[in-house]
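The structure appears right after this line, and notes come after that.
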Amino acid sequence: MSEAMLKPAAPMLPPKVVIFDLDGTLLNSIEVVTTSLAETLQVELGLEHQAEDLVWAVGPPIAETIEKLMPGETPERRREVLDSYRGRYTARSLDVKPYPGIMDALRALHARGIRMAIATSKQEVAAQEIVEHLGIDKMMVAVCGADPNEIHADKSGIVGEALKGLGISTPVDQGERVVMVGDRFYDVVGAGKNGIPTLFVTWAGTSAEGEADDAFAVAGSAEEMLVALGL
């Protein structure tokens, strides 16, 4: 099946369930990700990159990014660099901030009885720590991410794990009224493979042209997101 064939039908609104991506969607982690990556590349590989030139690395699975930056290297060496990055990211991870209006939007969804979960390509343990630090863990039915060995790093698999946590089988029936909210093509495709339509958000400014083409709607602010969700 081609990626173009994965676009689910437009959702029934308002949704009963919303699954959120984390970095670039709920949280502004751009500086944390790019600074940690630039430092890792300099220390481990002797490569000089300005943090602002690495914004493209925010969103995709970090293991995939490392592989792109280290063509021809052995898996063992890429793992060493990946672990080095993660150590630097972890030291800064609690410096991330929610985007404007996100906390109020999450509270509004929660107050409406809409069930929520997180599906992120970052390590699950790190995601859970950040969510707890921000005080939104009680609003989330599930917080799912990649495991330390990258066995479950594919976004479609992580969305599938979130659905399991929500007690929803795949492919998702339209009547379940599940929506994904994300800021990259990976979110659109990962949700689509599970039968879920995506609301694409642009406030991070990291997406490329065409990434939102298969989303059912696009929102540029937390307020627009609520409107697009029919609230």
Legend entry - Considering all heavy atoms, the nearest Ala9-Gln174 contact: CB-NE2, 4.1 Å
Legend entry - Contact summary for Gly220 and Trp203, nearest pair of heavy atoms: C-CE3, 3.6 Å
Legend entry - Nearest heavy atoms of Leu166 and Ala117, plus distance in Å: CD1-CB, 3.9 Å
Legend entry - Glu132, CD: over 12 other non-hydrogen atoms inside 6.0 angstrom: no
Inset, instruction - Evaluate side-chain contact (heavy atoms from CB on, under 4.5 Å) for Val81 paired with Thr40, printing each intermediate quantity in order. - result: CA-CA 7 Å; Val81 175; Thr40 300; 3.8 Å; yes
Legend entry - Cationic N near anionic O, under 4.0 Å, Glu76 to Arg79: no
Inset, instruction - Please check if atom CD in Glu31 has more than 12 non-hydrogen atoms from other residues, nucleotides or ligands closer than 6.0 Å. - result: no
Inset, instruction - Give a yes or no on whether the backbone of Val141 and the side-chain of Arg115 come within a donor-acceptor separation of less than 3.5 Å. - result: no
Inset, instruction - Check whether Met116 and Leu231 end up in the same hydrophobic cluster, where Ile, Leu, Val, Met, Phe, Trp and Tyr are linked by side-chain heavy atoms less than 4.5 Å apart. - result: yes
Legend entry - His133 and Val96, any side-chain heavy atoms less than 4.5 Å apart: no
Inset, instruction - Answer whether the closest heavy-atom distance between the side chains of Val143 and Asp137 falls below 4.5 Å. - result: no
Indicate every side-chain donor-acceptor pair of residues 10-28 with a distance under 3.5 Å to a residue at least two apart or in another chain.
residue, atom, partner, partner atom, Å
Asp21, OD1, Lys155, NZ, 3.0
Asp21, OD2, Thr25, OG1, 3.1
Asp23, OD1, Ser29, OG, 2.9
Asp23, OD2, Lys122, NZ, 3.0
Thr25, OG1, Asp183, N, 3.4
Thr25, OG1, Asp183, OD1, 3.1
Asn28, OD1, Ile30, N, 3.3

Inset, instruction - Indicate if Ile62 and Leu94 have the same hydrophobic cluster label, given that clusters are the connected sets of ILVMFWY residues with side-chain heavy-atom separations under 4.5 angstrom. - result: yes
Inset, instruction - Report yes or no: does Asn194 contribute a side-chain atom to a donor-acceptor pair with the main-chain N or O of Ser156 at less than 3.5 Å? - result: yes
Inset, instruction - Supply the atom-to-atom distance Glu48 CD to Asp53 CG, rounded to the nearest 0.5 angstrom. - result: 12.0 Å
Legend entry - Lys/Arg-Asp/Glu bridge criterion (N-O < 4.0 Å) met for Arg107, Asp104: yes
Legend entry - Distance-minimising heavy-atom pair for Gly165 and Ala142: CA-CB, 4.2 Å
Legend entry - Gap separating the CG atom of Leu41 from the CG atom of Leu47, nearest 0.5 angstrom: 6.0 Å
Inset, instruction - Please lay out, stage by stage, how Trp56 and Thr65 fare under the test side-chain contact (heavy atoms from CB on, under 4.5 Å). - result: CA-CA 9 Å; Trp56 60 268; Thr65 298; 3.7 Å; yes
Legend entry - Student check: side-chain heavy atoms of Met70 and Leu82 closer than 4.5 Å: no
Inset, instruction - State whether a side-chain donor-acceptor pair under 3.5 Å links Tyr186 with Glu64. - result: yes
Inset, instruction - Look at the side chain of Glu211 and the backbone N and O of Phe185, then say whether any donor-acceptor pair between them is shorter than 3.5 Å. - result: yes
Inset, instruction - For the residue pair Arg92 and Ser36, confirm or rule out a side-chain donor-acceptor distance under 3.5 Å. - result: yes
Inset, instruction - Kindly say whether Thr35 contributes a backbone atom to a donor-acceptor pair with the side chain of Arg88 at under 3.5 angstrom? - result: no
Inset, instruction - Scan Leu54, Thr34, Leu37 and name whichever one has a side chain to side chain contact (heavy atoms under 4.5 Å, CB included) with His49. - result: Leu54
Legend entry - Interatomic spacing from CD1 in Ile66 to CD in Glu80 - rounded to 0.5 Å: 12.0 Å
Inset, instruction - Could you pull out the closest heavy-atom pair between Leu199 and Ala228, with the gap in Å? - result: CD1-CB, 3.7 Å
Inset, instruction - Kindly compute the distance separating CZ (Arg78) from NZ (Lys68), expressed to the nearest 0.5 Å. - result: 13.0 Å
Legend entry - pair Val179-Phe216: side-chain heavy atoms closer than 4.5 Å: yes
Inset, instruction - Rounded to the nearest 0.5 Å, what's the gap from OG1 on Thr120 to CD1 on Ile158? Could you check? - result: 6.5 Å
Legend entry - Heavy-atom pair with the smallest gap, counting every atom of Ala191 and Thr198: CB-OG1, 3.4 Å
Inset, instruction - Enter the distance from Thr170:OG1 to Ile196:CD1 here, rounded to the nearest 0.5 Å. - result: 8.5 Å
